[in-house]
Each structure stands twice: as structure tokens, then as C-alpha cells.
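Working notes, structure below.
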Amino acid sequence: MGQGSEAGVPALIDALRDEDERVRWSAATALLRVGPHAADAVPALTEALDDGSRYVRAYALSALRRVGTPEASEAAMDFLLVSRWCALT
């Protein structure tokens, strides 16, 4: 993905709020691939850091890192500062 892929960002933002966990982590993964062009998704990705699925949270965190705006970086850092990480879970 890359330039031009930002056209799909609104649909991916909606998908981050889907009932189905697979849809949510797929949306987060797609936003990760869109990268800096997904800046409009930062609020939704930040919300996804509270998702009940560790996979959604992990992909949302990675997507925020790839977006790279100051807001995305701040949200990622805030999440990491209060998260408890275990390499085995």
C-alpha cells in the first residue's frame, strides 16, 4: 500500500469498531500497511489500544508507530508506559 491508499482509511476506521475480532485486527493490520497516510485513523487506533483482543492492540500499536505523527507517537508511548508486556502471552 502507499500513496492513494488513504482513500480506504474511513472504511478501515469503521472496521476497527466491528463486533468480529478478526475484522478489527484485519483493519488494524491494513492501517499498519497504509502507514503515514493513515493519520486520520489515529483516534480510532488509540481507542483500539483498549480492545479486548491482544492481537488488535498489538496491530493498533504497530500502526500508530508506522503513522508516525506526534499524536500517534504520544498515544503509543502512553500505552506502553502503562502496559504489562510478556513475551510469552
Side-chain angles (χ1 to χ4, degrees):
M1 293 190 180
Q3 195 167 12
S5 56
E6 64 270 9
V9 170
L12 292 171
I13 291 170
D14 289 340
L16 279 174
R17 297 180 178 106
D18 196 272
E19 281 183 19
D20 189 331
E21 173 186 348
R22 294 168 296 183
V23 172
R24 295 192 311 273
W25 67 253
S26 294
T29 301
L31 290 164
L32 167 63
R33 296 179 76 188
V34 173
H37 300 289
D40 289 344
V42 169
L45 287 166
T46 302
E47 286 177 26
L49 295 175
D50 290 327
D51 196 277
S53 165
R54 65 182 174 174
Y55 300 104
V56 174
R57 291 190 308 268
Y59 287 120
L61 180 62
S62 295
L64 287 166
R65 183 174 174 261
R66 281 280 321 274
V67 169
T69 63
E71 296 81 12
S73 297
E74 182 177 345
M77 184 58 72
D78 288 348
F79 175 75
L80 290 171
L81 288 172
V82 297
S83 295
R84 188 173 137 204
W85 289 90
C86 175
L88 301 176
T89 59

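Everything quoted here is computed from the prediction, not taken from an experiment.
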Once rounded to the nearest 0.5 Å, what's the spacing between atom [atom1] of [X] and atom [atom2] of [Y]?
| X | Y | atom1 | atom2 | answer |
| --- | --- | --- | --- | --- |
| Leu12 | Asp40 | CG | CG | 11.5 Å |
| Ile13 | Glu47 | CD1 | CD | 10.0 Å |
| Leu61 | Leu80 | CG | CG | 5.0 Å |
| Trp25 | Asp20 | CH2 | CG | 10.0 Å |

message = Is it true that, when you exclude Glu74 itself, more than 12 heavy atoms of the residues, nucleotides or ligands shown sit nearer than 6.0 Å to its CD?
response = no

query = Counting only heavy atoms not in Arg65, do more than 12 sit closer than 6.0 Å to its CZ atom?
reply = no

key: Intermediate values then yes/no, side chain to side chain contact (heavy atoms under 4.5 Å, CB included), Leu49 and Asp78   = CA-CA 10 Å; Leu49 295 175; Asp78 288 348; over 6 Å; no

ask   = Any chain of hydrophobic side-chain contacts (each under 4.5 Å) joining Val56 to Leu64?
value = no

query = Hey, quick one: are Leu16 and Leu32 part of the same hydrophobic cluster, counting side-chain heavy atoms closer than 4.5 Å, chains of contacts allowed?
reply = no

ask   = Under the 3.5 angstrom rule, does the side chain of Arg57 hit a backbone N or O of Asp50 as a donor-acceptor pair?
value = no

Contact summary for [X] and [Y], nearest pair of heavy atoms:
| X | Y | result |
| --- | --- | --- |
| His37 | Val9 | O-CG2, 3.9 Å |
| Ala27 | Ala15 | CB-CB, 3.6 Å |
| Ala44 | Arg17 | CB-NH2, 3.8 Å |
| Ala28 | Ala60 | CB-N, 3.9 Å |

message = Determine whether Val67 and Leu31 satisfy the following criterion, side chain to side chain contact (heavy atoms under 4.5 Å, CB included), listing intermediate values before the conclusion.
response = CA-CA 9 Å; Val67 169; Leu31 290 164; over 6 Å; no

